[in-house]
Amino acid sequence: MDTIRVRFAPSPTGSLHIGGARTALFNWLYARKNSGVFVLRLEDTDTERFIEAAAEGIRSTLRWLSLDWDEGPDKGGPFGPYVQSERKALYTAEAQRLLEAGGAYCCYCTPEELAQQREEARKKGEVPRYSGRCRHLTEDERQAKEAQGIRPALRIAAPSEGTTVVEDLVRGEVSFDNRVSFDDYIIMKSNGMPTYNFACVVDDHTMGITHVIRAEEHLSNTPKQSIVYRALGYPLPQFAHVPMILAPDRSKLSKRHGATAVEEFREEGYLPEAIVNYLALLGWSPGDEREVMGLKEIVSMFSLDSVSKHAAIYDVKKLTWINAQYLSNLPIERVVEVALPFYQARNLVSDHPSTPEMGYVTRVIDAVRTRIHTLVELADASASFFTEDYPYDEKGVRKHFTKDGVAEILARGRAALARVESFTLEETEKAYREVIEEMGISGGALIHPTRLALSGRTVGPGLFDIIVTLGQGKCLARLDRAIEFVKTCKA
RNA sequence: GGCCCCAUGGUCAAGUGGACUAAGACACCGGCCUUUCACGCCGGUAACCCGGGUUCGAAUCCCGGUGGGGUCACCA
C-alpha cells in the first residue's frame with residue numbers, strides 16, 4: 001500500500017487559531033498513526049491579505065504544539081516548493097493545458113460588472129450565478145477584448161447537469177446537483193494567480209496527497225475541486241471533512257470571541273500539552289473514559305472513524321482544567337521550564353539563573369503548582385516568594401492582623417522559629433505546635449497571621465511548606481516586618 | 001434565499017436495534033479531608049429537538065418538520 005500523505009495548508013493571513021490548530025492536529029495524528037507523511041504548505045495566493053510575519057508565526061506555533069512536519073517550507077522535500085506563490089509556473093501550465101483542452105475559457109468581465117450582475121440577481125431573488133457570458137465568445141469578440149487590453153480571468157467550464165458525488169470518510173456519500181450547486185467559477189485570476197479551488201487541487205495532486213483532511217467549511221468546495229480533478233485527469237484523493245469548532249455563541253470562530261489564537265493561550269499560561277490534548281477531544285474521542293492523554297497515547301488511539309460529525313463549541317473551562325492537570329502532574333522540570341519565562345517577565349527571576357536560584361524556583365513551583373490553573377496564575381500566586389516588598393492582602397489584614405495580641409503571637413512564633421536548628425518541615429511545625437500549646441490558642445490563631453506575614457496572602461501552600469521553602473533568614477525578617485506593620489495597624 | 005452538513009445534559013462526549021432505569025469528563029451544588037486555598041475522595045442536579053413510520057422492540061433505521069452550522073468572491 002502506498003504511503004499515506006496528508007497536509008495542513010494554512011494561508012498566512014493571520015495567526016493560527018484553535019480551529020486551524022485542530023485541523024493541523026488531526027492531519028498530524030493521522031500521519032503519525034499510519035506511518036505517513038505530514039506536509040506543511042503555505043497558501044499565499046491572496047496577495048492582498050498576505051501578512052509577512054504570519055507564515056513564521058504559524059510555523060512557530062505548530063512547532064510549539066510539537067506538530068512537526070516532514071516536508072514544508074524551510075524544510076524542503078521532494079515535492080517542493082511548498083509555498084504556492086513559488087509554484088506559479090505550475091498553475092499556469094496546468095491552466096493552459098485545461099484551456100487548450102476546452103475545459104476552461106477566458107472571461108473578460110470586470111469585477112465591477114460581476115458584482116453588479118450578482119446584485120441584480122439578488123434583487124430578483126435569484127441565486128447569484130455567473131451568466132456564462134464569456135463562455136461562448138467568438139474568436140473575433142475575444143480578440144476585440146484583448147485589443148482593449150483587458151486581462152482575462154480563467155473560468156472552468158463546469159458541467160451544468162448531472163450530479164457530483166463526493167466520497168467523504170467522515171460523512172459518507174454527499175451528492176451535489178450540478179445545475180444549482182455552482183457555476184463556472186474562476187480558476188485563475190487576471191493577475192495570474194490561481195484561486196484556491198484550483199491551486200489546492202494542483203498541489204494536492206502534484207504533492208501526492210492521499211488524504212485531504214480539512215474543516216467542514218470546505219465540504220461545499222469539494223465538488224468544485226472534484227471537477228478540477230476530473231478535468232485535469234487527476235485521480236481523486238480521499239476526503240475527510242472534520243467538524244468545525246464554534247465559539248461559545250455557536251458562531252464561527254473569529255477575533256471577536258476573545259482568545260481564539262493559540263498564541264493568546266500561550267501568553268495566558270496554557271501548556272502546549274494541554275492545548276493539544278483538549279483539541280484532540282473536540283470532535284474525537286478514544287471511545288472510552290480517557291481524557292488526559294499525551295500525544296503518544298492519542299496517536300495510538302486515533303482514527304478518522306471515531307471523528308464525530310457535529311460541530312463542537314469550545315469551552316475554556318475544560319481546557320483550563322486540563323491545563324491544571326498537566327501543571328500538577330508533569331515532571332517538575334518540565335513545569336519549571338515552561339514557567340520560567342513567566343517569572344522572568346515579572347522580574348522575579350533573573351535572566352540567567354544560577355543553580356541555587358533554579359533550586360529555589362523549583363521548590364516554589366512545586367509548592368504552588370497544584371493550586372493554580374495557568375502559568376500566569378502560578379507566577380502571580382508565588383510572587384511573594386521572590387520579593388521582600390509584597391503587600392498584605394487587605395481582607396487578610398482586617399481578619400488576622402487587627403486582633404488583640406497578634407503582635408505578641410507573631411513574636412512568639414518568630415522566637416520559636418529562631419530557635420529551630422534543623423529547619424525542616426517536622427522541626428518547624430513542632431516548634432509552632434509548642435507555641436500554640438503554651439499560649440493556649442487555636443492553631444489558626446498563629447498559623448493564619450503567619451501565612452499573611454510570610455506571603456501577604458491568606459491562601460496558598462501549607463504554612464510549613466512556605467516556611468521551609470523561604471528558609472529561616474527570610475522567615476525571621478518577614479515576621480519582623482509584619483510585627484512592625486501590625487503595630488501601625490492598631491494606631 | 002439556493003445548495004450542503006449536523007442534531008444525546010449548560011459544554012465536550014460514550015452509545016452503531018434489546019446489556020439504557022442513557023456512561024464518563026468539565027462546569028455547578030452538597031459533604032469529607034485540612035492551618036487556608038487548592039488537590040483528592042464521596043454524593044447530587046441535569047440530556048436522547050418534535051412528529052410520523054419500520055420493528056416484538058428505537059437514542060440507534062426511514063420520512064417530514066424544526067433548530068443550528070457551513071457555503072454560494074478574480075478569499076482561503
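Residue numbers begin at 1 in each chain, while the letters A, B, ... track the order of the sequences.
Residues from residues 167-176 of chain A placing a heavy atom under 4.0 Å of any atom in RNA chain B, listed by number, are A:Arg171, A:Val174, A:Ser175, A:Phe176.
Nearest-nucleotide mapping onto RNA chain B: of A:Gly444 and A:Glu291, the residue sitting toward the 5' end is A:Glu291.
Distances from the side chain of A:Asp315 to the nucleotides B:G69, B:G10, B:U35 place B:G10 closest. In the set B:C6, B:U71, B:A25, the nucleotide with an atom closest to the side chain of A:Lys318 is B:A25. Side-chain atoms of A:Glu289 lie closest to B:A23 of the nucleotides B:A25, B:C3, B:A23. You'll find that the side chain of A:Leu246 is closest to B:G69, out of B:A25, B:U71, B:G69. Looking at the side chain of A:Val180, the nearest of the listed nucleotides B:U36, B:A76, B:C3 is B:C3. Closest to the side chain of A:Glu217, out of B:G70, B:C37, B:A76, is B:G70.
Among the heavy atoms of the strands lying under 4.0 Å from A:Ser308 are primed sugar atoms or P, OP1, OP2 only; no base atom is included. Backbone-only contact: A:Met244 has heavy atoms under 4.0 Å from sugar-phosphate atoms and none from a base. Looking at heavy-atom distances under 4.0 Å, A:Cys107 makes no contact with the nucleic acid at all. When heavy atoms are screened at a 4.0 angstrom cut-off, A:Phe464 is found touching base atoms of the nucleic acid. Looking at heavy-atom distances under 4.0 Å, A:Leu219 makes contact with sugar-phosphate atoms alone, never a base. At a threshold of 4.0 angstrom between heavy atoms, the contacts of A:Glu377 with the nucleic acid are absent. No engagement by A:His241 is indicated, since no non-hydrogen atom pair under 4.0 Å with the nucleic acid exists. Contact annotation for A:Ile313: backbone-only contact, meaning every heavy-atom pair under 4.0 Å involves sugar-phosphate atoms and none involves a base.
Annotation: B:G43 and B:C4 have their P atoms spaced 49 Å apart (nearest Å).
In this model, the phosphate group of B:A76 is approached by a side-chain N or O of A:Thr45 to a distance below 4.0 Å at OP1 or OP2. Note on A:His310: a side-chain N or O is less than 4.0 Å away from OP1 or OP2 of B:A13. Of the side-chain N and O atoms in A:Arg22, none sit less than 4.0 angstrom from OP1 or OP2 of B:C12. Between A:Thr110 and the phosphate of B:C74, there is no side-chain N or O to OP1/OP2 separation shorter than 4.0 Å. Between A:Lys189 and B:A73, a side-chain N or O to OP1/OP2 separation shorter than 4.0 Å is absent.
Side-chain contact between A:Glu216 and A:Val170: absent, with no pair of heavy atoms (C-beta onward) separated by less than 4.5 Å.
Cation-pi geometry between A:Arg22 and A:Phe26 is satisfied (NZ or CZ under 6.0 Å from the ring centre, within 45° of the ring normal).
Side chains of A:Tyr196 and A:Asn221: a donor-acceptor N/O pair is absent below 3.5 angstrom, by distance only.
Side-chain atoms of A:Arg49 and base atoms of B:C75 include a donor and an acceptor less than 3.5 Å apart.
As a whole-Å value, the separation of A:Phe182 CZ from B:C3 C1' is 10 Å.
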